[in-house]
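Okay, structure first, notes after.
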Amino acid sequence: MKIGFTPMRLACLAAGLSLPVLAPLSAGADSLTVVGWGGALSEAEAQAFEAPFTAATGVEIISEVYNGGLAQVRAQAESGHVTWDVIDAEMTDATLGCDEGLLEEIPTSSLAPGADGSTPQDDFFGDALQDCGVANYVWANVFAFDARQFPDGGPTSVADLFDTERFPGRRGLRRSPRANLEWALMADGVALDQVYAVLSTPEGVDRAFAVLDRVKDDAIWWEAGAQPPQLLADGEVAMTSAYNGRLFNAIVREGQPFEIVWDGQVWDYGAFIIPRGAPNRERALEFVRFATAPEQLAELTNYISYGPARASGVTLVPAEMQAQLPTAEANFALGLRSSAEFWSDYGEQLEARFNAWLAAN
């Protein structure tokens with residue numbers, strides 16, 4: 001089910017643009033295991049990427065769901081029995097997994113050119129192309145509130161997320177230090193361009209956890225992306241962090257009275273990665289080429305509010321949808337790019353600190 005926008009496939013045809021052309025696949029290439037986040041995002045990817053790929057190649061997509069991270073990738077590598085072919089991952093995990101030798105390199109020569117004929121290197125944003133990861137969309141950690149719980153006006157800044165006196169009620173927060181620590185420092189007055197510099201120091205980490213202490217007793221910790229909108233809908237929390245696409249889906253499809261606060265959004269790329277030893281490596285590369293073509297990335301926005309990770313893809317998105325994306329100018333100005341380098345360097349120790357903090361009385 002689309003969200004009421006003109007299908008990008010028709011827009012491409014009207015503009016005289018061609019959809020990605022696939023090279024013939026090897027004999028016996030009849031299935032591919034693609035792992036995603038489930039829920040609204042997996043539904044969107046099934047419509048925008050997987051069904052068209054199957055229609056073009058005859059290859060059946062076997063979909064699996066996970067909650068992110070590299071634990072299952074490591075386990076498959078250690079067992080010598082790799083069953084996953086393509087994974088929709090956070091770019092941080094693409095960087096870390098590459099460093100650990102868990103992932104296949106994805107050559108830029110295997111990717112589709114821009115809709116305007118530009119090279120992938122020129123068309124993809126900034127650091128959207130990594131040795132072992134190809135960005136597919138831009139998503140954001142944001143927070144939202146139920147307007148019914150704040151009839152006199154709801155929160156407007158990330159500082160309000162940690163202010164239970166002005167804005168009482170329980171908070172939903174992801175069970176992870178990522179985004180939570182960045183938000184804590186922002187709420188404590190640290191400028192966006194200084195967040196990671198401060199968080200790289202022991203004093204900065206202590207400062208961030210001190211801010212988290214303010215809401216610890218009022219927090220419900222979520223792990224799966226479908227949980228935050230449900231927590232809001234059920235009235236279990238007054239506000240919650242969430243992936244922006246999940247919230248947009250709840251607001252537009254389900255008519256929920258939620259309002260997104262873009263201030264302090266921590267945005268990142270989703271990225272396709274291929275586990276080292278994937279049983280169908282060549283087929284996986286073909287899927288990544290197809291799904292990260294600008295036309296397909298623009299098609300994704302017909303189903304969920306995640307922006308294309310390449311310039312020519314953005315130009316294919318209808319104006320009314322562009323305003324709902326993390327990359328919209330008004331939203332982007334309020335955001336912080338999640339640092340893959342920082343989380344690769346400090347992620348393990350901060351995860352340990354965060355879990356110990358959660359377990360402490």
Side-chain angles (χ1 to χ4, degrees), residues 35-39 41 65-74 87-97 100 133 139-144 158 161-162 170-188 195-196 198-200 204-232 236-237 239-247 261 264-271 273 306 326 335-360:
V35 182
W37 297 88
L41 178 54
V65 175
Y66 80 141
N67 284 328
L70 293 170
Q72 290 163 283
V73 178
R74 291 190 186 99
I87 306 169
D88 186 14
E90 294 182 63
M91 186 60 88
T92 300
D93 290 328
T95 302
L96 181 59
E100 293 185 21
W139 64 279
N141 285 293
V142 296
F143 76 97
V158 68
L161 181 62
F162 300 94
R170 304 202 73 177
R171 269 52 169 170
L173 293 170
R174 184 183 178 189
R175 194 181 183 91
S176 169
R178 298 184 190 186
N180 287 324
L181 295 181
E182 290 97 323
W183 280 337
L185 290 182
M186 291 180 211
D188 208 39
V195 166
Y196 288 114
V198 174
L199 200 54
S200 297
V205 172
D206 289 344
R207 183 176 174 182
F209 275 99
V211 175
L212 288 179
D213 281 337
R214 301 176 194 169
V215 296
K216 183 178 181 182
D217 292 341
D218 298 297
I220 294 178
W221 302 97
W222 59 267
E223 296 184 72
Q227 291 176 266
Q230 194 62 52
L231 289 171
L232 274 181
E236 292 190 49
V237 297
M239 62 184 79
T240 183
S241 65
Y243 307 134
N244 75 285
R246 298 280 189 160
L247 292 168
V261 179
Q265 65 153 318
V266 180
W267 66 270
D268 201 357
Y269 298 114
I273 60 176
Y306 292 157
L336 173 69
R337 165 76 162 95
S338 180
S339 173
E341 180 180 3
F342 173 85
W343 285 107
S344 292
D345 291 343
Y346 297 97
E348 187 173 346
Q349 65 191 67
L350 289 176
E351 288 279 357
R353 169 80 180 264
F354 181 79
N355 290 331
W357 173 79
L358 279 180

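Within the 4.5 Å cutoff, the side chain of Val205 has no heavy atoms near those of the Gln349 side chain. Taking the side chain as every heavy atom from C-beta outward, Gln72 and Asn67 never approach each other to under 4.5 Å.
Ser339 approaches Thr92 most closely through the heavy-atom pair O-OG1, 4.4 Å. Summarising the geometry of Val215 relative to Phe162, their closest heavy-atom pair is CG1-CA, 3.7 Å, with the distance given to 0.1 Å. Heavy atoms only, all atoms of each residue included: Gly225 and Pro228 are closest at O-CD, 3.2 Å.
Of the candidates Trp139, Tyr196, Trp267, Tyr196 is the only one forming a side-chain contact (heavy atoms from CB on, under 4.5 Å) with Ser338.
Rounding to the nearest 0.5 Å gives a distance of 14.0 Å between OG1 of Thr95 and CH2 of Trp343. Taken to the nearest 0.5 Å, the OG1 atom of Thr240 stands 8.5 Å off from the CD1 atom of Ile220. Atoms CG and OH, on Asp268 and Tyr243 in that order, are 11.0 Å from each other to the nearest 0.5 Å. Distance CG/Leu70 to CD1/Ile87: 7.5 Å, rounded to 0.5 Å.
Pairs passing the side chain to side chain donor-acceptor pair (under 3.5 Å) check and including a residue from residues 219-230, sequence neighbours excluded, read Trp222-Ser241, Gln230-Asp234.
Using the six-membered ring where Trp is involved, Phe209 and Phe354 have ring planes that are tilted, between 30° and 60° apart.
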